[in-house]
Engineer: 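Let me give you the structure first, and then I'll get to my questions.
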Amino acid sequence: MSDLETKPSDSTAAGAQVNPVENKFTDRLSHILGDLGKNGIFIALILVVVLFSILTNGILLRPQNISNLIVQNGYILVLAIGMVMVIIAGHIDLSVGSVAAFVGAVSGVFAVQWGLPWWLSIILSLLVGALVGVWQGFWIAFVGIPAFIVTLAGMLIFRGLALVVLGNANIGSFPAEYRALGNGFLTNLFGEFQLDPLTLGIAAIAIVALFVQQFRTRRARQSYNQEVEPFAWFVTKLVLVAVAIGLFAFALATYKGIPVTLIVLAVLVLIYGIVMNRSTFGRHIYAIGGNLHAAELSGIKTRRVTFWLFVNMGFLAALAGLIFTARLNLAGPKAGDGFELEAISAAFIGGAAVQGGVGTIGGAIIGGLIIGVLNNGMSILGIGIEWQQVVKGLVLLLAVAFDVYNRRRSGGR
């Protein structure tokens, strides 16, 4: 009888010796799979790039084309930064394309017709954009009109004002310093080289900064006994990102160096990333989008946050208008057409939730890059604009459907 009792206990003991290892492996695997799910948008970007690289026989990844991708889509990426903040707060802005066109037209008057210095023209134009944001933010935050209605009206108002300023004609050309905002490059600052040393040096600094920041974050989490990802997976991700940065920098260094537009974008991503992740204002934006009533009860001044959110959106729309005008060296009546749709698509494809409260600056940038790669790749393949619109619409629909599916699976509505 005792032998019969000891045998199950032995097997149980043996199982107890195996279970910790199995559990540890299962935990690591689930962590990796969960991490891949969180970074699904980045994986989607890689897949889109690989697909069009194959379809275009490598033309997509040529150094000149990679540089053009940044320059051609810079204004959309700028708009996406502001748009994702608006969407996180539970609002929408349909006027950004018209505001960009209006500010571009105003800058043409300042720089070309009035002959103001290029830097003063840019500053005054950005102030005009901020004032547009003040106008729209007042109606939304303090009068209480839904953002959809206010910005829909703004789309019509500022498109009309752009036509008034232009007189249904084009304004150009702009000073060389102004044009550098959309077409300039930092190249040959240390002499002529086959590979631009400044670009490679900045990439090396970025990689080192990335490693330092990630290791510090990991140690901080461990010091608070928070769960961290497996070390091997942590290092693997860092190495892959470092390789991607290195290849991207190599392509830019081979062509003309760093575009000025990329520098503007990098500064914006850094600043707004800190604002959204580490500032009180950013936490309030997430709180308002998550639950407006709860945010008000917790003491958040929701009207003030909403007001400044749209002032910021007006400023970024103005900056996007300047970049677009500088790239074309022309302020025209058709500028800004469809910009709002591209920016909204970038935010949603990048993971922003329709209900608000969810989204990141990095996700919006990646969403914008996906749209840019789609546009560029289909243009190289000679696909007509009508089918390009169909493809982008399907991508947007699938991105939002995926967000809805995830919410339902996690128990949300």
Engineer: May I ask you to decide if Gly154's main-chain N or O and Ser95's side chain share a donor-acceptor pair within less than 3.5 Å?
Structural biologist: no
Engineer: Any idea how Phe158 and Phe102 line up, ring-wise: parallel (<30°), tilted (30 to 60°), or perpendicular (>60°)?
Structural biologist: tilted
Engineer: Would you please test Tyr178 and Asn329 for side chain to side chain donor-acceptor pair (under 3.5 Å) and show each step?
Structural biologist: CA-CA 9 Å; Tyr178 182 106; Asn329 191 24; over 6 Å; no
Engineer: Would you indicate whether the side-chain heavy atoms of Ile385 and Gln389 approach each other to under 4.5 Å?
Structural biologist: yes
Engineer: Indicate the atoms forming the closest heavy-atom contact of Phe142 with Arg303, along with that distance.
Structural biologist: CE2-CB, 4.0 Å
Engineer: Considering non-hydrogen atoms only, spot the tightest contact between Pro333 and Ala169 and give its length.
Structural biologist: CD-O, 3.9 Å
Engineer: Using a strict cut-off of less than 4.0 Å between a Lys/Arg side-chain nitrogen and an Asp/Glu carboxylate oxygen, indicate whether Glu342 and Lys392 qualify as a salt bridge.
Structural biologist: yes
Engineer: Spell out, as yes or no, whether a donor-acceptor pair under 3.5 Å connects the side chain of Asn65 to the backbone of Leu61.
Structural biologist: no
Engineer: So Arg283 and Thr280, side chain to side chain donor-acceptor pair (under 3.5 Å) or not? Walk me through it.
Structural biologist: CA-CA 5 Å; Arg283 290 192 293 271; Thr280 302; 3.3 Å; yes
Engineer: Before we go on, tell me: are the rings of Phe310 and His91 under 6.0 Å apart, centre to centre?
Structural biologist: yes
Engineer: Should the ring pair Tyr255 and Phe185 be called parallel, tilted or perpendicular, given that the plane angle runs from 0 to 90° and is split at 30 and 60?
Structural biologist: perpendicular
Engineer: Determine whether a donor-acceptor pair (N or O, by modelled atom type, separation under 3.5 Å) exists between the side chain of Ser298 and the backbone of Ala295.
Structural biologist: yes
Engineer: Can you check whether Phe339 and Tyr75 have ring centres sitting under 6.0 Å from each other?
Structural biologist: yes
Engineer: Closer than 3.5 angstrom, by distance alone: can the side chain of Asn376 be matched with the main-chain N or O of Gly372 as a donor-acceptor pair?
Structural biologist: no
Engineer: Inspect the surroundings of CZ in Phe234 and state if more than 12 heavy atoms from other residues, nucleotides or ligands are less than 6.0 Å away.
Structural biologist: yes
Engineer: Got Leu94 and Ile344 here, is their nearest side-chain heavy-atom distance under 4.5 Å?
Structural biologist: yes
